[in-house]
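I have placed the structure first, in the form of C-alpha cells, so that the comments after it can refer back to it.
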Amino acid sequence: MAQDQRRPFGVIQKIPRIQEDIMQERYDFQAIEPQWQQQWQDEHIYRVTEDPAKPKYYCLEMFPYPSGNLHMGHVRNYSIGDVVARFKTMQGFNVLHPMGWDAFGLPAENAAIKHGVPPADWTKSNIANMRTQLKTMGLSYDWDREVATCTPEYYKWTQWLFLQFYNAGLAYKKKANVNWCPSCATVLANEQVVEGACERCDSTVEKKALEQWFFRITDYAQRLIDDLEKLPGWPDKVKTMQENWIGRSEGVEMDFPLPSPIGGFDKLTVYTTRQDTIYGVTYLVLAPEHPLVEHLLQNNPKEAEIRAFIKKVLGQSEILRTATDTEKEGIFTGHYCQNPVTGEPVAIWLANYVLAEYGTGAVMGVPTHDQRDFEFAQKYALPLKVVIQPVGVPDLVADDMDHAYEDEGVLVNSDRFNGMNNNDALAAIAAYVEETGKGVRKVNFRLRDWLISRQRYWGAPIPIVYCDKCGEVAVPDQDLPVILPNDVEFKPNGESPLKSRPDFVHTTCPKCGGPAQRETDTMDTFVCSSWYYLRYTAPYSDKDAFERSAVDYWMNVDQYIGGVEHAILHLLYSRFFTKVLHDLNLVAVDEPFANLLTQGMVLLGGSKMSKSKGNTVSPEEIIAKYGADTARLFILFAAPPERDLEWSDRGVEGAHRFLNRVWRLVQAYYPGEEASTAGAEASTETGNEASDGKSRISLQQIASLLITNPDVASLNSDDRELVRMAHVTVKRVTEDIGQRFNFNTAVSAIMELVNALYLYKDKVAPKAQNLSLIKDALARLILVLAPFAPHISEELWQAIGGSGSVHQQSWPSYDPAALVQDQVPVVVQINGKVREKLQLPNGLDGEALQAAAMDNQRVQELIQGKTIVKVITVPNKLVNIVVR
RNA sequence: GCGAGUGUGAUGGAAUAGGUAGACAUAGCAGACUUAAAAUCUGCCGGUCGUAAGGCUGUGCCGGUUCGAGUCCGGCCACUCGCACCA
C-alpha cells in the first residue's frame, strides 16, 4: 500500500484487493484496519465535548491495570463497550467513551525489586504498550481524556479527596487488629481477604495490631443497602452480594450484671438477634480477645490452663478459626454473671467461635435454639432449657434433643411472655429490656471500616504530617500533591520504602513551621479507582478534581461494563465515594453507575485463561492473523455477554469467513476498477445487465442509498422478501443491542440478512434484480454491522458511496409496514401435536383459521370419526384441534 | 450450611408475553468447481423405526397445572459462583 492512504470521506472508493490472483475472495484487513484507525484519529471523530442540545450517554468500561499486555478478558470487555458506544452515537446521543489506567499497585514494585526498573518507568512503558494494543482494536475512545492514576496530575486529586474525607471526619487513624499479608508485606482491607487468604497472592493472612488509616464506610452501611433499590439496572446477583457483604442485622445489646465489679467492669454486654430466647440462656461466651478476660484471670486458680487455651486460639489462623467445620472449643473461667431477666447466675466461658470484632465480642448461649450453642453445650455438658415449643408436634424435651430447634414456636418458661409467638416476642422483649434499662435495640453490620493504608511504595502518599507539637496535621491544599519520590530503595520489610528516604520523611509542620515527619504509608489503589469515572468528565482540569459543570452534565455513568470479580470491592467503594462526595456537595448524583453489565470470563479448555495455567490465547496474535474486526465479531457472537465464553479457534475462523462473505457480496454489486469498467459498459443499454452470469451490476447511478418508505405493495415476492429481511434485521439488531444486550443474536440476525442477500443474488435472474432495493439493503447491512466490525464497515461504506464516516451516520430505522408478510406459516395441531403446516394469508381471524385447517385434506383424515371437543386458534401462529 | 445462577444436538448457542424446539455458527457427511489441494458454492445434519409418506421419542430427573410446557408450579440431582461460627 502507498504511504498516504488518507481518503476523503464521502467520495466513492474502489474496493482495494489484496492480490490480483486471489481475486476478490479475501479482504485486506492488514491494510484497511491501521489506515482507518489513523484517519479516525487524525480527524478526531471520537472527540466529545459537552453539548446541552443533545442527550448525553456515558459508556464506561472498567479501566485496566497496565500489566503490559492485553488479554482476552479485556478484548471482551472493550468490544462490548464499543458496540454500545457506537450504537448510542449513531442513535444521536452525545457519547462519552473514555479509557485510562489503574496504574498504581504492587506488580510495578515487585517488578522493580526483581529487575531493578523504577516502578514509574515500568508502568509507563506498560501503558505505552497496552495503549498501542488497544488502538489496534479500533475502539471509539476519546483518547484526549486518557488518565493514569499514578501521575501527579491525578494523584494530587486523590490526595485532595482524602483530605475532604479527613476534614469530614470520614478518614481516621486507629490501632487495630488488621489483616497482614506476609508475602505482599502490607496490610489488606477485609474485602481483599478471600477465605482467609490474600486475594492477590493467596498467602495465608495474619492478624497484626497496627496503627492504620481507615475510611468510615460503616457510616454509610445503611444507605449502601437502601440505595441498591435505586439500581434496577444492576444484576440482582451483584446487589445480593453487596447486601450480604454489608450484612445488616437487627437485635438487642443486653447487659448481664456481674455480681461484683471486676477490673472496672460491672456488667457484660452481649449482642443478640434472638432476644426471644433470653429466658433460655444457660451460659455466656467471650471472645478470647475480650478486654474483660485479663481481669478474669487475676487470682484465678485455672489461670495457666486458661492462658494456654487463649494462646492456642490466637495461634489458629483466621481461616481455621472462622471455618464452620472447625470444632468449637472453650474453657470455663470460673466466673458468673446474672441473666438480666431471670436473675439466674450464668457461667462465663471463653470460646474460639466468638469473634472479637463483631457485636460486643460476647454472646449469650442458648443451646436449645441455636445449633452452634447446642454443639458447644453438648461437648461441655452445659444445661439445656427449652423456651420455644413448636406448634402441632410433640413438645421438645431438653434431654432428648439431638439438635437445636431454630424454627417458629410459642414461648414457654419465659415468665410474662409465655404463650406468645416467638416472632412477636422479638419486638416485645426488645421493648421490655429497653423500658427496664437492661438493654438497647441495636442494628449491627458485618461491614467493617475500609482500611486504606498500605506499607508499600507505588501508591498515592497519604497527605498527612506528624508534628511533635501539633500532632496529626493535614497537608494544605496548596502543598499538594505530596510527590512520590522517584529513586527509592525497595526492601519489603513491612515498612513503607518511603521511610528510608529522610528527604521525604522530614518536613516542616504546615501549622507551626516546626520539624515534622510525613506519613509514609500510601493509599490502597482502590481509592484511586473509586473516582476515576468523575475525572474523565474533565481530565485536563488543574483547578479541581473534576469540574462541577462537566460532572453534572455527564454523570452518572449510563452503562458500566466489567468483570463480576469487582462486585464487592470496586463497585462498593465507588458507591461509597459518590455518596460522600454527594454529601460534601461536590457532585449532584449519589450513585455512580445507573446500569451495570457484568461480563463472563473467557475460558479455554473449560477454565479461565491465565498465565499460570498456561491456557492463554494472545489477542495480539489473533488480531495479526485475522484482524480486529474478526476478533471482536467472534467474541461478541460466541456467547451472550454475561455468560462465560469458551474460546474457539474454529469459531474465529467462522467469524472471519463471514466478514469475507460480506466483502464479496458488496464487491459483487460495487465492483473494483476493471470489473467496474466492464460493468459500466454492459449496463449502458439496459441499466442492470449482467456481463458474465455473475451479478456484475453497477449500483452507482442510483441516487439514494436508503429508501425511506418502500412501496412494498407493488413489489413481487422476491423483492418483498428482500425488503422485509432488510427491515427485520434493522429491527432485531436495534432491539438486541438497545434493549437486551444480546450481541450474539444481533450478529446472527446480520448473518441471516447476508444469507438472504446471497439467495436473492443467486436465485433471481440478474435482469430481474431490483437495484434500488439491493442498494438499500447493502447500506442497511453496513450500518448495522458498523458497531461490531468498525473497519470493514467503514471501508465498505466508502465503497458504496456513503457520505462521511459510517460511524457518524444515523442508526437506520425500519418501516413496520415492510415487516409484514402476506403469507404466514400456521401450524395445525391435533391434541397439541403438530400434524400439518399451512401457508395462510396474514391476519386471518380465528374462524377463518379454523376453516382453513378443517379444509385441509390431511387434517380431515386425521380427525375422521373423532369428536371435536374444542378448537384453539392463535392468529398467525396455530390452530389446535382437540378431539376425542 | 445459606444465597444466587446454570443445565437444550457432536460443539458454542437460539427460541423476546405459555404456541412449529434446535435460529445463527462450528464440526461432520455428500456433491459442484479444481490435475490436486485450499478457498468458494450447494445439499444433508437430535435420537429411533421406516424404501418412503410418516410414526414414536426428545430441552438434567420425578410429578403437577394447561387444549398446548425448554418456558409456569412442587419436589429432587449435578455443576458454577458468592457468603460462611456475624450470635
Side-chain angles (χ1 to χ4, degrees), chain A residues 22-23 25-26 194-195 235-245 247-249 251 270-275 277 285 321-328 351-355 357-366 370-373 375-376 444-448 564-565 567-568 600-601 634 637-640 642-655 657-658 660-661 664 732 735-736 739-740 742 744-752 754-755 758 762 825-837 858 869-874 876-883:
Chain A
I22 299 182
M23 288 304 290
E25 293 203 337
R26 287 172 169 261
V194 180
E195 285 178 17
D236 290 339
K237 175 189 165 109
V238 173
K239 288 192 278 191
T240 308
M241 281 167 72
Q242 290 209 353
E243 213 178 317
N244 290 343
W245 184 262
R248 181 194 151 96
S249 69
V270 303
Y271 177 70
T272 181
T273 55
R274 290 299 307 274
Q275 59 272 18
T277 63
V285 195
R321 189 161 156 205
T322 58
T324 327
D325 48 10
T326 299
E327 197 180 354
K328 289 158 188 46
N352 60 347
Y353 72 94
V354 178
L355 303 175
E357 308 92 55
Y358 186 78
T360 59
V363 301
M364 61 191 211
V366 186
D370 182 294
Q371 185 58 25
R372 293 161 304 186
D373 296 346
E375 288 166 26
F376 192 74
N444 261 332
F445 296 94
R446 220 184 60 101
L447 183 73
R448 308 291 149 81
V564 74
E565 65 272 17
I568 293 167
M601 294 184 294
F634 164 71
F637 177 61
E642 61 288 334
R643 237 194 273 183
D644 287 350
L645 179 155
E646 178 71 30
W647 184 264
S648 155
D649 289 334
R650 295 292 205 174
V652 177
E653 280 170 32
R657 211 172 314 173
F658 168 71
N660 276 311
R661 202 164 140 81
R664 286 191 304 271
R732 286 175 60 186
E735 288 169 0
D736 283 352
Q739 292 164 27
R740 308 200 310 154
N742 279 6
N744 55 331
T745 50
V747 173
S748 74
I750 299 172
M751 288 173 168
E752 286 183 64
V754 171
N755 291 346
Y758 266 97
D762 296 337
V826 172
V827 296
V828 182
Q829 297 182 337
I830 293 169
N831 289 344
K833 295 200 174 203
V834 179
R835 293 300 179 201
E836 184 64 304
K837 299 177 184 184
R858 193 170 139 67
V869 178
K870 72 180 180 183
V871 178
I872 287 121
T873 58
V874 181
N876 290 350
K877 280 248 162 66
L878 68 79
V879 178
N880 187 10
I881 304 165
V882 186
V883 295

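Note that this is a predicted model, so its numbers are computed, not measured. All chains are named by letter (A, B, ...) in the order of the sequence lines, taking the proteins before the strands, and each is independently numbered beginning at 1.
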Reckon [X] touches a base, only the sugar-phosphate, or nothing at all at heavy-atom distances under 4.0 Å?
X: A/Val869; result: nothing
X: A/Asp644; result: sugar-phosphate
X: A/Val827; result: base
X: A/Gly359; result: nothing
X: A/Pro640; result: sugar-phosphate

Taking the same atom, [atom1], in [N] and in [M], what whole-Å distance lies between them?
N: B/A52; M: B/U59; atom1: C1'; answer: 29 Å
N: B/U51; M: B/G28; atom1: C1'; answer: 25 Å
N: B/C2; M: B/A84; atom1: C1'; answer: 8 Å
N: B/A30; M: B/C24; atom1: C1'; answer: 22 Å
N: B/U34; M: B/U48; atom1: C1'; answer: 40 Å
N: B/U80; M: B/A25; atom1: P; answer: 33 Å
N: B/A69; M: B/G18; atom1: C1'; answer: 7 Å
N: B/G22; M: B/A10; atom1: P; answer: 15 Å

For A/Phe634, what residues pass the ring pair (Phe, Tyr, Trp, His ring centres under 6.0 Å) criterion, not counting sequence neighbours?
A/Trp647
Does [X] have any side chain to side chain contact (heavy atoms under 4.5 Å, CB included) partners at least two apart in sequence or in another chain, and if so, which?
X: A/Ser249; answer: A/Tyr271, A/Thr273, A/Tyr358, A/Asn444
X: A/Ile872; answer: A/Lys870, A/Asn880, A/Val882
X: A/Asn876; answer: A/Val824, A/Asn842
X: A/Asp644; answer: A/Met601, A/Leu603

What's the base orientation of B/A17: syn (chi within 90° of 0) or anti?
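B/A17: syn.
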Do the non-hydrogen side-chain atoms of A/Arg26 and A/Asn660 ever get within less than 4.5 Å of each other?
yes
Pairing check on [N]: which nucleotide meets the Watson-Crick or G-U wobble criteria with it, both distances under 3.5 Å?
N: B/A25; answer: B/U11
N: B/A78; answer: B/U6
N: B/C41; answer: B/G31
N: B/U20; answer: none

Could you list, one pair per line, each protein nitrogen or oxygen that sits under 3.5 Å from a nitrogen or oxygen of nucleotides 52-56 of chain B, together with the distance?
| unit_1 | atom_1 | unit_2 | atom_2 | d |
| --- | --- | --- | --- | --- |
| B/G55 | OP1 | A/Arg835 | NH1 | 3.0 |
| B/G55 | OP1 | A/Arg858 | NH2 | 3.0 |
| B/C56 | OP1 | A/Arg835 | NH2 | 3.3 |
| B/C56 | OP2 | A/Arg835 | NH1 | 3.1 |

Taken in chain and number order and not counting sequence neighbours, the residues that satisfy salt bridge (Lys or Arg N to Asp or Glu O under 4.0 Å) with A/Arg740 are A/Asp736
Contacts of type salt bridge (Lys or Arg N to Asp or Glu O under 4.0 Å), residue A/Glu836, not counting sequence neighbours:
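Once residues adjacent in sequence are excluded, A/Glu836 has no partner under the salt bridge (Lys or Arg N to Asp or Glu O under 4.0 Å) criterion.
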Identify the pairs formed between an N or O of the protein and an N or O of nucleotides 42-47 of chain B at a distance under 3.5 Å, and give each distance.
none

Is the base of B/C67 touched by the side chain of A/Lys870 through a donor-acceptor pair closer than 3.5 angstrom?
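When only heavy-atom distances are counted, A/Lys870 does not reach the base of B/C67 through any donor-acceptor pair under 3.5 Å.
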Whole-Å distance between [N] [atom2] and [X] [atom1]?
X: A/Phe637; N: B/G13; atom1: CZ; atom2: C1'; answer: 8 Å
X: A/Met601; N: B/U80; atom1: CE; atom2: C1'; answer: 9 Å
X: A/Glu752; N: B/G22; atom1: CD; atom2: P; answer: 13 Å

Any donor and acceptor pair, going by atom type alone, linking the side chain of A/Tyr758 with main-chain N or O of A/Arg661 inside 3.5 Å?
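Answer holds: yes.
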I'd like to know if the side chain of A/Asp370 reaches the main chain of A/Asp373, judged simply by a donor and an acceptor atom lying under 3.5 Å from each other, with no hydrogens or angles considered.
yes
Within the sub-3.5 Å range, which N or O atoms of nucleotides 15-18 of chain B have a protein N or O partner, and how far apart are they?
| unit_1 | atom_1 | unit_2 | atom_2 | d |
| --- | --- | --- | --- | --- |
| B/A15 | OP1 | A/Arg740 | NH1 | 3.1 |
| B/A15 | OP1 | A/Arg740 | NH2 | 2.9 |
| B/U16 | O4' | A/Arg740 | NH1 | 3.4 |

Atom pairs under 3.5 Å, N or O on each side, protein against nucleotides 1-4 of chain B: can you list them with distances?
none

Looking only at side-chain N and O atoms, does A/Asn244 offer a donor or acceptor that is under 3.5 Å from a partner on A/Arg446?
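Judged by distance alone, the side chains do not pair up.
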Indicate whether OP1 or OP2 belonging to B/U26 is found under 4.0 Å from a side-chain N or O atom of A/Arg657.
yes
Quick check on contacts: within residues 645-653 of chain A, what sits under 4.0 Å from RNA chain B by heavy-atom distance?
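Going residue by residue through residues 645-653 of chain A, the ones with a heavy atom under 4.0 Å of RNA chain B turn out to be A/Arg650.
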